[in-house]
Amino acid sequence: MTNTMPRRLRLGMVGGGQGAFIGAVHRIAARLDDCYEVVAGALSGDAARSRQSGAAIRLDPARCYADYREMARAEAAREDGIDVVAIVTPNHLHAPVATAFLEAGIHVICDKPLGIALDEGLALAALARARKRVFALTHTYTGYPMVRHARELVASGAVGEVRMVHVEYAQDWMAELDKQDPAFQAANWHNDPRRAGPTGCTGDIGTHAWHIAGFVSGLQPSELLAELHAFTPNRTLDDHLQVMLRYPNGARGTLWASQMATGCENALKLRVFGTEASLAFDQEQPNELWLTPQGSCAQRLTRGRVSGAAAEAATRIPNGHPEGYLEAFAQLYRDAAAQIHALDAGLPVPPEVAWLPTVEDGVGGMRFIDAVLASHQDGSRWVPLQG
């Protein structure tokens with residue numbers, strides 16, 4: 001892979017100050033393909049901490065802001081202002097921050113979920129369309145070459161008509177003893193509806209499972225039945241989710257997400273069963289994909305060996321040299337950079353970067369959360385998915 005971008009994009013960041021895991025991940029991803037330069041940030045709402053966090057990543061002190069609204073105004077007014085902003089805050093700030101930068105004419109790369117309410121997502125989608133700005137959503141796992149190859153295989157008809165989709169995302173971090181402490185639950189933003197939104201595990205990792213299932217299968221369910229649960233004592237929001245899915249073509253699906261799955265680290269797994277073959281992907285082994293034709297032996301497909309435009313466009317190094325989470329994250333940044341350059345030049349989006357998750361995917365995730373809540377609150381009945 002060679003970088004053909006005309007110049008580095010000037011990137012700003014909101015959130016992601018000192019001690020924030022995901023902020024550092026975004027900055028690594030942005031640098032990996034040399035498509036961006038981080039030049040400004042509102043890395044904390046506290047002015048001193050924002051300056052300290054900016055100094056740690058060598059930002060100009062004059063471009064370290066304590067208020068994202070001030071940052072949007074000031075950067076939009078600069079001749080060398082940022083082209084795009086990365087939003088790496090708790091969920092409740094996603095929509096207001098994105099709104100401020102879209103209104104300032106600045107492209108957006110935002111963590112998921114899109115916000116804490118469907119209305120926020122719909123308003124953001126409308127604003128992004130009106131301002132003609134790229135709005136990328138970091139559903140990281142769709143950046144893996146083998147996930148993109150799986151999507152290409154399904155679209156090509158290699159598995160036949162899809163009959164069943166099963167996706168699970170199992171973690172155990174909430175089951176750790178210190179996370180069971182009432183003091184942690186009271187202080188952690190993932191358990192605060194004002195900051196996390198109306199769900200916990202569902203918005204945090206359930207939306208990842210939801211998105212990758214649709215991304216690969218090419219199908220969106222028409223109905224779902226859901227149950228939320230909290231195994232953690234004194235927890236306000238869910239730490240466990242199980243969902244049944246019905247698809248318009250008659251296919252059936254299941255989605256399970258849990259942060260209380262003892263012994264599981266980051267176990268995102270997807271299986272798609274068709275009339276001709278099945279596919280299986282395991283995020284903890286991201287360089288391989290299993291294809292099993294009906295009546296034949298399982299075939300282990302590996303990154304760097306498969307022939308397919310989607311996987312090749314997302315591959316950086318030779319086969320046998322593992323690529324992982326950071327490279328998948330960087331793929332989204334590279335796709336976003338290519339789309340921004342194309343849009344700013346009045347050119348069509350290159351086909352190899354057209355699979356970037358967008359604000360519209362974020363709206364789909366918010367519809368999923370709403371349907372899960374509606375089903376659970378009505379005794380786990382089947383409810384339609386709108387939109």
Side-chain angles (χ1 to χ4, degrees), residues 1-44 50 53-60 63-65 68 71-72 75-76 78 80-89 93-94 97-98 101-102 104-112 128 133-145 148 313-317 323-344 349-350 352-353 355-359 361-362:
M1 188 277 298
T2 58
N3 191 343
T4 58
M5 304 293 176
R7 65 174 178 86
R8 292 190 186 99
L9 294 172
R10 295 181 294 273
L11 176 68
M13 181 169 284
V14 177
Q18 289 177 314
F21 160 73
I22 202 65
V25 168
H26 274 261
R27 291 190 291 271
I28 292 168
R31 290 198 302 266
L32 191 60
D33 293 313
D34 201 29
C35 297
Y36 299 83
E37 179 183 9
V38 182
V39 297
L43 303 178
S44 171
S50 184
S53 297
I57 59 171
R58 301 176 180 84
L59 293 185
D60 179 349
R63 300 178 79 174
C64 296
Y65 305 89
Y68 67 84
M71 176 179 166
E75 290 297 318
R78 293 179 67 112
D80 63 347
I82 62 172
D83 300 292
V84 55
V85 67
I87 303 172
V88 294
T89 64
L93 289 171
H94 289 180
V97 175
F101 283 89
L102 287 172
I106 294 167
H107 302 283
V108 172
I109 298 172
C110 184
D111 268 341
K112 51 100 287 289
R133 298 294 84 185
V134 170
F135 193 122
L137 198 70
T138 54
H139 278 298
T140 313
Y141 306 106
T142 57
Y144 283 123
R148 296 190 171 195
T315 294
R316 290 165 178 78
I317 54 179
E323 290 190 17
Y325 176 77
L326 293 174
E327 289 85 353
F329 218 117
Q331 186 61 40
L332 303 189
Y333 266 89
R334 192 169 81 187
D335 289 349
Q339 290 200 16
I340 290 168
H341 283 302
L343 183 62
D344 289 349
V349 171
E352 65 271 15
V353 301
W355 288 355
L356 175 70
T358 70
V359 66
D361 295 285

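Please read all numbers here as calculations on a predicted model, not as lab measurements.
Closest heavy-atom contact between Q339 and V353: NE2-O, 2.9 Å. Smallest separation of non-hydrogen atoms from L332 and P357: CD2-CD, 3.8 Å. Here the closest non-hydrogen pair linking R148 and T142 is NE-O, 2.8 Å. The minimum heavy-atom distance linking A330 with R316 is given by the pair C-NH2, 3.6 Å. Minimum heavy-atom separation, E323 to T315: OE2-C, 3.8 Å. For the pair C35 and A337, the tightest heavy-atom approach, listed with the atom from each and the gap, is CB-CB, 3.9 Å.
For the atom pair L137 CG and I109 CD1, the distance stands at 10.5 Å (nearest 0.5 Å). In this structure, E327 CD and R334 CZ are separated by 11.0 Å, a value rounded to the nearest 0.5 Å. To the nearest 0.5 Å, atoms CZ (F329) and CD1 (I28) are separated by 10.0 Å. Distance check, rounded to the nearest 0.5 Å: CG of D361 to OG1 of T138 gives 11.5 Å. Remark: L343 CG to R133 CZ distance equals 5.5 Å, nearest 0.5 Å. Note that CZ of F135 and CG of L102 are 6.0 Å apart. Values are rounded to the nearest 0.5 Å.
In this structure the side chain of V38 never reaches within 4.5 angstrom of the side chain of R58, judged on heavy atoms. A 4.5 Å side-chain heavy-atom check between M71 and F101 finds at least one atom pair inside the cut-off. The shortest side-chain heavy-atom distance between V134 and V84 does not fall under the 4.5 Å cut-off. Counting heavy atoms from C-beta on, the side chains of R7 and H341 come closer than 4.5 Å.
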Exercise. Between I87 and Y68, is a side chain to side chain contact (heavy atoms under 4.5 Å, CB included) present by the stated rule, with each step listed?
Worked result: CA-CA 10 Å; I87 303 172; Y68 67 84; over 6 Å; no
Exercise. Should R78 and R63 be marked as a side chain to side chain contact (heavy atoms under 4.5 Å, CB included) after you check the CA-CA gap, both sets of side-chain angles, and the distance that decides it?
Worked result: CA-CA 11 Å; R78 293 179 67 112; R63 300 178 79 174; 3.7 Å; yes
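Taking the six-membered ring where tryptophan is involved, the planes of Y325 and F21 are essentially parallel, since the angle between them stays under 30° and well short of 60°.
With I82 as reference, E75 is the one residue of E75, H107, M13 to meet the side-chain contact (heavy atoms from CB on, under 4.5 Å) rule.
No donor-acceptor pair under 3.5 Å is formed between the side chain of Y333 and the backbone N or O of Y36. Put simply, the side chain of R27 never gets that close to the backbone of I57: no donor and acceptor are under 3.5 Å apart. Not one N or O on the side chain of T89 forms a donor-acceptor pair closer than 3.5 Å with the backbone of G15.
Defined by atom type and a distance below 3.5 Å, a donor-acceptor pair is present between the side-chain atoms of D335 and Q331.
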